[in-house]
Amino acid sequence: MKEPAVSADPTQTLAFDTSCHLFDGCGFPAPGLHSFMFEPLWGDADGNGAYFNKPMLLALLGSIIIVGFFWAAFAKPKMVPGKLQMVAEAGYDFVRRGIVYETIGKKEGEKYVPLAVSLFFFIWIMNLWSIVPLASFPVTSIIAYPMVLAAIVYLVWVPLTFKRHGFVGAFKNFTGYDKSLGPVLPLAMTIEFFSNLIVRPFTHAVRLFANMFAGHTLLLLFTIASWYMLNGIGIAYSAVSFVMVIVMTAFELFIQAVQAYVFVLLTCTFIQGALAEHH
């Protein structure tokens, strides 16, 4: 949840006024864009210079956890794997066989497995921060992070297309060139060009961002409502809202994994399209 700005009010310890309840004459402190803005942990508080805030800290911690986990699992691999190695191998194999091989193929896809595995687990743990106590925030709900990930994928599959097909072949690949279209060919090529090189990377980032943004907003909404209605007869409403918090948390667990899967699946689809021969 949002870290509070500096305030003289000692009750302002969360993203809302904790002294505000139903029937107290105060309005419902609904979550909004302020719930996704954080004061710097250190650095320029005005945002004009370098600073380091909570989402950055979570992204850094997530990266360390992922690297540390796989390092510990595979530093000394055994023929009969232990529990940690078994879990790591299961996760690695899921991405390799279930996504990369199924989309790109074993022969062509093997070299892209490290990229796919890295993206999957990084995105997954960035999403999982949403339900971790004290963290309580999905890093990917800030669009800058999905945009950077989508840009990394973009810088892989676009140059790969030119490398595999040359300039003319890549141009045909991106524009869907098909002379059988006749008079509508220029229009179709223009639409395909913008769709492949502009719309596709944009939607790649926004799909992940929008799902995490919406999910976190709903969790905040029911969490704040549970506290807000915890007063008088409103306790009954508060209990229903709290049940919804539990339901939404379970649903978010599912969505977090699905969004990591979809992002990597689309990445592999882009790469497969770059490798495919244009007809």
Side-chain angles (χ1 to χ4, degrees), residues 1-7 9-39 41 53-62 65-66 69 87 91 120-146 205-263:
M1 300 177 69
K2 176 182 178 296
E3 292 178 350
V6 177
S7 172
D9 183 359
T11 66
Q12 195 71 13
T13 56
L14 296 175
F16 59 97
D17 186 353
T18 56
S19 64
C20 181
H21 290 285
L22 187 64
F23 308 125
D24 282 348
C26 56
F28 176 64
L33 290 179
H34 62 277
S35 305
F36 296 83
M37 300 174 67
F38 295 84
E39 294 291 335
L41 298 176
N53 62 13
K54 181 177 179 178
M56 296 177 183
L57 175 62
L58 295 177
L60 178 60
L61 288 175
I65 290 171
I66 294 167
F69 171 74
V87 172
F120 180 85
F121 284 99
F122 179 78
I123 293 170
W124 193 17
I125 198 167
M126 293 304 102
N127 296 345
L128 278 173
W129 284 126
S130 172
I131 60 170
V132 175
L134 299 181
S136 304
F137 186 80
V139 178
T140 47
S141 66
I142 295 179
I143 196 168
Y145 292 91
V206 170
R207 182 180 287 103
L208 173 60
F209 155 73
N211 277 278
M212 291 300 100
F213 183 92
H216 185 60
T217 301
L218 284 173
L219 275 176
L220 279 179
L221 180 66
F222 287 112
T223 301
I224 295 173
S226 299
W227 180 263
Y228 175 71
M229 293 186 290
L230 196 62
N231 185 27
I233 193 174
I235 292 177
Y237 310 139
S238 177
V240 175
S241 183
F242 183 71
V243 169
M244 285 303 301
V245 171
I246 297 174
V247 171
M248 287 303 303
T249 298
F251 184 65
E252 273 297 286
L253 273 171
F254 172 71
I255 295 298
Q256 288 160 2
V258 167
Q259 287 307 309
Y261 176 86
V262 169
F263 192 94

Separation of [Y] [atom2] from [X] [atom1] (nearest 0.5 Å):
| X | Y | atom1 | atom2 | value |
| --- | --- | --- | --- | --- |
| Ile142 | Asn53 | CD1 | CG | 6.5 Å |
| Leu134 | Leu58 | CG | CG | 10.5 Å |
| Phe251 | Met244 | CZ | CE | 10.0 Å |
| Met212 | Ile123 | CE | CD1 | 10.0 Å |

Side chain [X], main chain [Y], donor-acceptor under 3.5 Å:
| X | Y | value |
| --- | --- | --- |
| Ser136 | Pro133 | no |
| Thr223 | Leu219 | yes |
| Lys54 | Leu41 | no |

Looking at [X] and [Y], what are the two nearest heavy atoms and their distance?
| X | Y | answer |
| --- | --- | --- |
| Pro55 | Phe137 | CG-CE2, 3.9 Å |
| Phe222 | Ser241 | O-OG, 2.8 Å |
| Thr217 | Pro31 | O-CG, 4.0 Å |
| Ala59 | Phe122 | O-CE1, 4.2 Å |
| Ser130 | Gln256 | CB-NE2, 3.6 Å |
| Pro29 | Tyr228 | CD-CD1, 3.8 Å |

Do [X] and [Y] have side chains that approach each other closer than 4.5 Å (heavy atoms only, starting at C-beta)?
| X | Y | answer |
| --- | --- | --- |
| Asn127 | Ile255 | no |
| Leu61 | Trp129 | yes |
| Phe213 | Leu33 | yes |
| Phe209 | Gln259 | no |

>> Counting the benzene-type ring for Trp, do Phe69 and Phe121 have ring centres under 6.0 Å apart?
In response: no
>> Set out, in order, the CA-CA distance, both residues' side-chain angles and the distance that settles side-chain contact (heavy atoms from CB on, under 4.5 Å) for Tyr237 and Val240, then state yes or no.
In response: CA-CA 5 Å; Tyr237 310 139; Val240 175; 5.7 Å; no
